[in-house]
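Throughout, protein chains are lettered first and strands after them, A, B, ... in sequence-line order, and every chain is numbered starting at 1. Source: prediction; values computed, not measured.
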Amino acid sequence: MPDQKQIPEYNFKKIEKKWREKWEVDKLYQPSLDKAQKPFYNLMMFPYPSAEGLHVGNMYAFTGADVYGRFKKMQGYDVFEPIGLDGFGIHSENYAMKIGEHIKNVSKRSEENFYRQLHQMGNMHDWSRTVETYKPEYYKWTQWLFLQLFNKGLAYQKEAKVNWCPSCKTVLSDEQVIQGQCERCDSQVEKKELKQWFFKITDYAERLLKNLDWIDWSEDVKTNQRNWIGKSEGATIKFPISNNQHSTKSKEDVLILHGWEDTANLGFIPETKKHLEKLGHRVLAFEAPNADAPVFEEWFEFIEAKIKENKLKDFSIIGHSMGGHLALKLAEKYQLKKLVLMAPVGFSSSAKYFGQFQGEISPEGLEVFKKFQDRKLDVQKVKSNASSIQFVLGEKDPWITAEIRNFYRKNFSESDFQVLKNKGHLSEDEGVKKVPELEALFGTALEVFTTRPDTLFGATYMVLAPEHKLIEQHKKEIENWAEVEKYVKQAKRKSEQERKEEEKEKTGIEIKGLKAINPVNQEKIPIWIADYVLAGYGTGAIMAVPAHDKRDWEFAKKYSLEITKVVKEIVEKSKSIKEECFSGKGAVINSEFLNGLKTDEAKQKIIEWLEGKKLGKKAIDYKLRDWCVSRQRYWGPPIPIIYCEKCGQREGLQGAKPISVPEKDLPVELPEMEDFLPEGKGKGPLAKNEEFVNTICPDCGAPAKRETDVSDPFVDSAWYFLRYPSTDFDNEAINKERSKKWLPVDSYIGGREHTVLHLLYSRFITMVLNDLKYIEFEEPYKRFFGHGLITKDGAKMSKSKGNVINPDEMLEKYGADTVRLYLRFLGDFSQGGDWQDNGADGMARFVNKLWYTFFELSGVGKGVKKTQMVDKTIKVIGEDIEKLSFNTAVARYMEFVNWVRENAADFNQEQVQKIKETLAITIAPMAPHIAEEFWFSLKKKKSIFAEKWSTYNKDNIQEDQFELVIQINGKVRDRIEVSRDIAEEEAQKISQETEKIKKHLEGQTVRKIIYIREKLINIVV
RNA sequence: GCCUGGGUGGUGGAAUCGGUAUACACGAGGGACUUAAAAUCCCUUGAGAUUUAUCUCGUGCGGGUUCAAGUCCCGCCCCAGGCACCA
């Protein structure tokens, strides 16, 4: 052994500083984004800077991700490992308010502090490409992103009941409300009616869900997302309503339009009018001018005048033949909700179509017809506005040719059609006076969503959410209105206040005077109001099947409502349905034509039946809601919208028209404001800044006002990873070539708490940008890994408990390498771990020991025979790091060091060289500074991270001997060293001949011997 | 209540396919070095018997499958995180 004094002391402060500076100067961690041969994008969730600086949890996550990045770099990849700050948002702003300082100053300080700390951890970040969400050069593109969504119709405003945090004085998305409390400040969240900006994430629900089937993420994260999206398949079913006066008072306005050569006084029109009026609707049927030779424009103007005159709003149209055509055009313009098209003639202008009528009508007539028909229709627009479009066609209608039929079928769904047998054009000459199907469409019905249509026969009552429209609509028919009103008011208040304190006991009240009719058996069943039914899900009303739904069962028990069993368990239970509810699958009973079917079959059959009768249809519902992105705060990117009154007026809108800020005018800079505090009146602080608010309309130049809300910080973080590779482009958000080379992200490591919100939002934004052709992939992260949390002595770290580990102190005391190693060693990366101070001390001792072991190796021995340990170590540590199983990788390394120490005196020169290289390489990802120090002590020229991870010799790993375990009846009785290629018979033989085994086998008969190659042998006696 | 993890020595935690349970550490005990202490090094360390060769019991609890179960199946209990009257 060399003289101890010659070995330099382990001075981590000096070493770590030295290498960090050298790496920086050499730009070791700045891959060429354009020329890289093997790009690898190693991403970690950027932190949001808080006042306290980095948390040890941040350090745990970042250094863990860095181990992987460094490993990949040593495997020859061009690793890009960027970092930035998620600095916009309520969190930072609240802190600034608390200490009474301006957010801008606080942010500047936080940035310096964070970046200093991040440097000290020894990560291989590319510091030339940081992203800070609060800098104009970044949020310019966040605003651009908003406009992309706005222009595609995916960002819209609506008046909505939103979650309002009275303490943060802003709205929160559903996702940010945790058990009725604000995610950031824990105050009780209230409901407030405000106009807000939303992103239409629900349009992407199915895709967000479907892609989960193939993306390579851990199952638990995927399950979380699936649950959040919450898809349910079932049906909507309409239950007609009847009352004691036999007439309903719903106030629908219905317009009936007749066709060519027709009048409002003939055919089905008078009958239908009479019938609908009886149902309480206001029905208008006009005589259109020149019915014999109609001109489209003339009719259209005439009807528009009538609409204005009669102040029609949200009306429905029944249109016959050419009137059907007119109805569709009106629907396009007035965004109508309900349409009934009786034998409408189509929107075809092809010569072929008209050719069919040659000879049937006069040439003049054909001209009239042609002119009337020749129009374009935006089918998508009509469909997206309408909630119900019904076609009623005669089976033998000569005017509805195959071509028209195909046009309809192509654009509308099968369930929108009713075909009447043996009927023609449904006109007067056929004597069509009554169309019973119309009654169903305009009678008052209560629509429900259910996932169990198979239990329809068991629906014994209905329940409405307290907010349901029907309650107010039927006010006059409700006999116990006073009671009902009281309950509704109470329930609404309750949802705003302490719901938590409420018992889970269900409450409700019956609506007297109204009944629902179960469409399968015509039974009249009571209607209740109860707050266990939510207004926001499904249709806000349910059919209650107490026998087979737990909630309904509890409610029925409490209020003694009827319980009808319609599903029989496969294994019959001893308890009756009165004692216990059954919500599983089984065989259908008490259900007429469904009897005997399995529940799944019954679902199919009843849906078909309902669709045939127009009483319901297959439906899918999601729990996912649209993403509310506006915030009434200061510290965020202003939403780049300008409101112009003049443009609004010109286009006949109700108020100002929202117009996007032209791209050349971005960013809309956040103005300097001394007073950035929110006032809490539903408007953001920017509204106080006249200079900011007042602007001119980019379209018409008239005076206009800016939007004063800023966007949710989750928008900032939903796309930051797309920006990193393009930070040097100031003329585009995402450079195509760069993103093609570097994206999607190869490895994304972050906290489990973000498995729903952030990941879902960034997936959504990625899909949108993919649809807009800015990027060529629709899933942002190839691999996501959620790491666990660090606790302190088994408890969550928190300031109030005083058990917070300060990374600065740890780095000062132990150095980055030791802390990095200890954090890796704590436990499984996905599970987190428990920080124990003496554990960190232990790691410091180990690093010190490693230091001396390395430098004391002299190589004056004769050489060690078995060096498998070297190859094995390279192999298993590599495999462990690839699996992100860092704790075992460190353990393996310790074993290796122990082995080196045991044999230290015996290694020869050649072996020492190999061992020293291995010691440096296998620890390098985890403890980069000490590894680099080791490496250069071996007279190397290039950094260890520019070198390849060692390869191991496969043949050298296998030992030629192994320990054969001998069991008797599964109990270990002996172990012997045998040759690796021992034959089974041989093994059987010698295993029975050892002293111990002989003793155990005395007086026993061997019944069976099981041999597991290279492992064990089990003798059964 | 539902979903997802998890329950292994005094502690943090290991253990591909069912195949030697407790790797690697921490802590504790004993010893060496030292005037002494620290540091370092060596030994012991799941529990209980014991003739110190060895035996029995042991992975939250109760059953089962198997030559063999921490691992698979059935039924429970507990802890952590998420969701929570979503029809």
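- Residues A/Phe829 and A/Phe785 bring their aromatic ring centres within 6.0 Å.
- Atom P of B/C85 sits at a distance of 23 Å from the matching atom of B/C79, rounded to the whole Å.
- Counting any heavy atom pair closer than 4.0 Å across all strands shown, A/Val221 reaches no nucleic acid atom.
- Heavy atoms of A/Asp828 sit under 4.0 angstrom from primed sugar atoms or phosphate atoms, though from no base atom.
- Take the nearest nucleotide of RNA chain B for A/Gly536 and for A/Gly827: the residue whose nucleotide is more 5' is A/Gly827.
- Among the heavy atoms of the strands, none lies under 4.0 Å from A/Arg824.
- Residues A/Trp627 and A/Phe714 place their aromatic rings such that the two centres sit no closer than 6.0 Å.
- Using C1' as the reference atom, B/U8 and B/C24 are 15 Å apart when rounded to the nearest Å.
- Between A/Ser232 and A/Phe449 the shortest side-chain heavy-atom distance falls below 4.5 Å.
- Separating the CH2 atom of A/Trp835 from the C1' atom of B/G13 is a distance of 16 Å, rounded to the nearest angstrom.
- Taking atom C1' in both B/G10 and B/A49, one finds a spacing of 22 Å when rounded to whole Å.
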With B for base contact, S for sugar-phosphate-only contact and - for none (protein heavy atoms under 4.0 Å), nucleotides 16-25 of chain B reads ---BB--BBS
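- Rounded to an integer number of Å, the gap from A/Leu821 CG to B/G12 P is 21 Å.
- Between the CD atom of A/Gln992 and the C1' atom of B/C67 there is a distance of 14 Å, rounded to whole Å.
- Look at A/Arg973 and you won't find any side-chain N or O under 4.0 angstrom from OP1 or OP2 of B/U54.
- Nucleotide B/G46 carries an anti base; the chi torsion (O4'-C1'-N9-C4 or O4'-C1'-N1-C2) is more than 90° from 0.
- A stem is defined here as three or more consecutive Watson-Crick or G-U pairs, each with both distances under 3.5 Å; for RNA chain B these stems are B:1-7 with B:77-83, B:10-12 with B:24-26, B:27-32 with B:40-45, B:46-49 with B:54-57, B:60-64 with B:72-76.
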Worksheet item: Can A/Trp835 and A/Tyr822 be said to form a ring pair (Phe, Tyr, Trp, His ring centres under 6.0 Å), step by step?
Response: CA-CA 9 Å; A/Trp835 178 287; A/Tyr822 180 57; 5.1 Å; yes
Once base and sugar-phosphate atoms are separated, protein heavy atoms under 4.0 Å mark nucleotides 72-78 of chain B, 5' to 3', with B, S and - as -------
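- One finds a side-chain N or O of A/Lys996 lying less than 4.0 angstrom from the OP1 or OP2 phosphate oxygen of B/U54.
- Here the closest heavy-atom approach between residue A/Ile923 and residue A/Leu919 is recorded as CG2-O, 3.3 Å.
- Here, B/U44 and B/A80 have their P atoms 39 Å apart, quoted to the whole Å.
- For the pair A/Gln831 CD and B/A14 C1', the interatomic distance rounds to 13 Å; values are reported in whole Å.
- The shortest side-chain heavy-atom distance between A/Tyr893 and A/Leu850 falls under the 4.5 Å cut-off.
- Side-chain contact check for A/Leu789 versus A/Arg752: every heavy-atom pair is 4.5 Å or farther apart.
- Mapping A/Ala541 and A/Leu826 onto RNA chain B by nearest heavy atom places A/Leu826 closer to the 5' end of the strand.
- Here, B/C26 and B/A36 have their P atoms 26 Å apart, quoted to the whole Å.
- At whole-Å resolution of the value, CD in A/Glu753 and P in B/C83 are 12 Å apart.
- In this structure, CH2 of A/Trp851 is placed 18 Å from C1' of B/A39, rounded to the nearest angstrom.
- If you measure from atom NZ of A/Lys623 to atom P of B/C3, you get 12 Å, rounded to the nearest angstrom.
- In terms of phosphate contacts, A/Lys506 brings no side-chain nitrogen or oxygen within less than 4.0 Å of OP1 or OP2 of B/C85.
- Within 4.0 Å (heavy atoms only), A/Ser830 reaches no atom of the nucleic acid at all.
- Nucleotides B/C3 and B/G13, compared at atom C1', are 27 Å apart to the nearest Å.
- Separation of the P atoms belonging to B/C33 and B/A37 is 12 Å when rounded to the nearest angstrom.
- Comparing the same atom, C1', in B/U65 and in B/C73 gives a spacing of 7 Å after rounding to whole Å.
- Of the side-chain N and O atoms in A/Arg901, one or more sit less than 4.0 angstrom from OP1 or OP2 of B/C41.
- The two residues A/Asp552 and A/Ala544 make their nearest non-hydrogen contact at OD2-CA, 3.3 Å.
- For A/Arg1007 and B/A68, the CZ to P distance is 11 Å, given to the nearest whole Å.
- With B/A87, B/C26, B/U11 as the choices, the nucleotide that has an atom nearest any side-chain atom of A/Tyr537 turns out to be B/A87.
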